[in-house]
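Step one of this worksheet: look at the structure below.
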Amino acid sequence: MEQPIPILDLAAQYERIRSEIEPVVLRVLESGRYIGGDECRGFEQEFAAYCGVAHACGVANGTDALTVCLRAYDIGPGDDVVTVANTYVATAEAILLNGARPVFVDVEPETGTMDPRRLADAITPKTKLILPVHLYGHPADMTAIREIAERHGLPVLEDAAQAHGATLQGRRVGALGHSACFSFYPSKNLGAFGDAGMVTSGDRDFIDRVRCIANHGTTTQRYEHSVVGTNSRLDAVQAAVLRVKLRHLDGWIEARRGHAQAYSAALAGIPALSPPSERPGCRSSWYLYTLRAQDRDGLQAHLARCGIATAVHYPKPLHRQQALAQVPPSGELPVSERLCHQVLSIPLYPELPEEWRDRVARETRAFYAA
Ligand SMILES: Cc1ncc(COP(=O)(O)O)c(C=O)c1O
């Protein structure tokens with residue numbers, strides 16, 4: 001059997017940047033400052049500048065970024081947040097952990113992101129916020145979503161956990177809504193060596209509120225707590241690592257784009273397959289390369305027999321999850337339901353060897369030629 005192909009290889013990335021990473025980690029270890037401090041402030045400033053937004057606050061992970069952010073909007077029991085059902089569970093968890101209700105709208109089949117044509121109907125007097133997800137690295141249609149949000153006087157919070165560096169009309173995600181949440185989970189395009197997250201916003205007061213809640217409701221004075229907060233702070237080691245990796249992010253996204261283009265060229269013209277595409281004006285950060293495939297399970301089994309790892313993002317829409325059984329139903333979500341049976345992510349990471357990528361494409365074509 002040929003060598004197995006993983007869906008992702010974080011050790012390969014580490015090998016390439018080891019000489020840049022190890023000194024900065026040691027620097028933090030020797031500094032005696034392990035939470036907050038210069039590394040964290042430095043990373044917040046650099047990441048905010050990268051996104052093209054004025055302010056950022058580091059937190060412990062992407063789920064906390066969303067949860068704390070929603071608290072900073074004062075969202076709680078009796079409030080609705082409009083979002084999507086085909087996303088990682090954390091998007092809805094953050095809403096539910098604040099006692100609010102997620103209201104799901106359907107998504108565009110091509111990108112899996114919130115369909116703005118479904119949005120207006122989901123908005124009621126209970127709606128407090130709109131939470132689109134930039135799925136697989138592709139920006140949601142923020143122009144249309146913001147227009148509807150502005151008409152209703154609602155803030156838009158971007159779930160940008162999967163999309164660092166993606167752009168819409170040349171502007172990066174993180175600067176497209178009133179605020180945005182990022183995850184630096186290790187597998188993300190910009191990933192830590194553990195958990196980490198970030199909230200970005202152009203609104204200084206808002207970021208101050210996020211920072212206060214994420215640090216036990218502490219005001220500027222130590223041991224003064226203005227609200228009940230939580231412990232969700234960024235580690236200095238993670239911040240130091242992320243500062244190094246941020247310098248590589250655009251290059252990594254370009255490498256991902258190159259692989260994505262090669263896959264799309266190699267997989268064109270197969271009636272049973274729809275390769276992912278970019279909406280005009282958008283540049284995906286290609287966090288995932290997710291096909292829509294007829295007989296998806298057959299294709300996945302075939303690739304597994306060929307030693308090629310794949311994954312389904314996501315096999316069940318959130319409104320079908322047991323954890324959300326008590327949530328009152330939203331409207332019909334036919335596209336979200338259908339996508340769960342069609343989607344398949346194939347190996348994509350900057351260091352993916354070209355021969356492996358070509359083998360994945362060849363075996364995928366072979367399945368449908370049989
Ligand atoms: C869309 C989305 N939102 C939120 C999160 C939560 O991020 P974290 O795993 O850092 O808590 C993730 C992480 O995988 C995600 O993919």
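Atom set for the values below is all heavy atoms of this structure, side chains included, hydrogens, waters and symmetry mates excluded. Both counts, for ligands and for their atoms, begin at 1 and track the order of listing.
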Among protein heavy atoms, which lies nearest atom 3 (N) of ligand 1, and at what distance?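 Result for atom 3 (N) of ligand 1: Asp159 OD2, 2.8 Å.
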Suppose we measure from atom 2 (C) of ligand 1 to each protein heavy atom; which comes out shortest, and what is that distance?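 Looking at atom 2 (C) of ligand 1, the protein heavy atom closest to it is Ala161 CB, 3.4 Å.
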Working to the nearest 0.5 angstrom, can you tell me the gap between Thr143 OG1 and Leu168 CG?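 Interatomic distance, Thr143 OG1 to Leu168 CG, rounded to 0.5 Å: 4.5 Å.
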Which ligand 1 atoms are under 4.0 Å away from a heavy-atom of Ala90?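 Once the distances to Ala90 are compared, the set is 4 (C), 5 (C), 6 (C).
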Those atoms of ligand 1 less than 4.0 Å from some heavy atom in Thr87: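 Those qualifying, in numeric order: 1 (C).
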Give yes or no for whether the N/O distance cutoff of 3.5 Å, strictly under, is met between [X] and ligand 1.
X: Asp195; value: no
X: Gln162; value: yes
X: Thr63; value: yes
X: Lys188; value: yes

Any side-chain donor paired with an acceptor under 3.5 Å for [X] and [Y]?
X: His138; Y: Glu110; result: no
X: Glu22; Y: Tyr14; result: yes
X: Tyr289; Y: Ser264; result: yes
X: Tyr73; Y: Ser179; result: yes

Over 60° means perpendicular and under 30° means parallel, so classify the ring planes of Phe43 and Phe47, tilted if in between.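 Taking Phe43 first and then Phe47, their aromatic rings sit tilted (interplane angle of 30° to 60°).
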According to the interplanar angle, ranging from 0 to 90°, do the rings of His178 and Phe206 count as parallel (below 30°), tilted (30 to 60°) or perpendicular (above 60°)?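 Rings of His178 and Phe206: perpendicular, as their planes differ by over 60°.
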Nearest candidate to atom 10 (O) of ligand 1, where distance is taken over non-hydrogen atoms, out of Ser183, Gly191, Ala163: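 Among Ser183, Gly191, Ala163, the closest heavy atom to atom 10 (O) of ligand 1 comes from Ser183.
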Which option, Gly62, Ala60, Ser187, owns the non-hydrogen atom nearest atom 8 (P) of ligand 1?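 Considering heavy atoms of Gly62, Ala60, Ser187, the nearest to atom 8 (P) of ligand 1 sits in Gly62.
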Contact check, His134 vs ligand 1, heavy-atom distance below 4.0 Å: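 No.
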Tyr50 ring centre to Arg172 NZ or CZ under 6.0 Å, with the angle to the axis within 45°?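 Ring-cation test returns yes.
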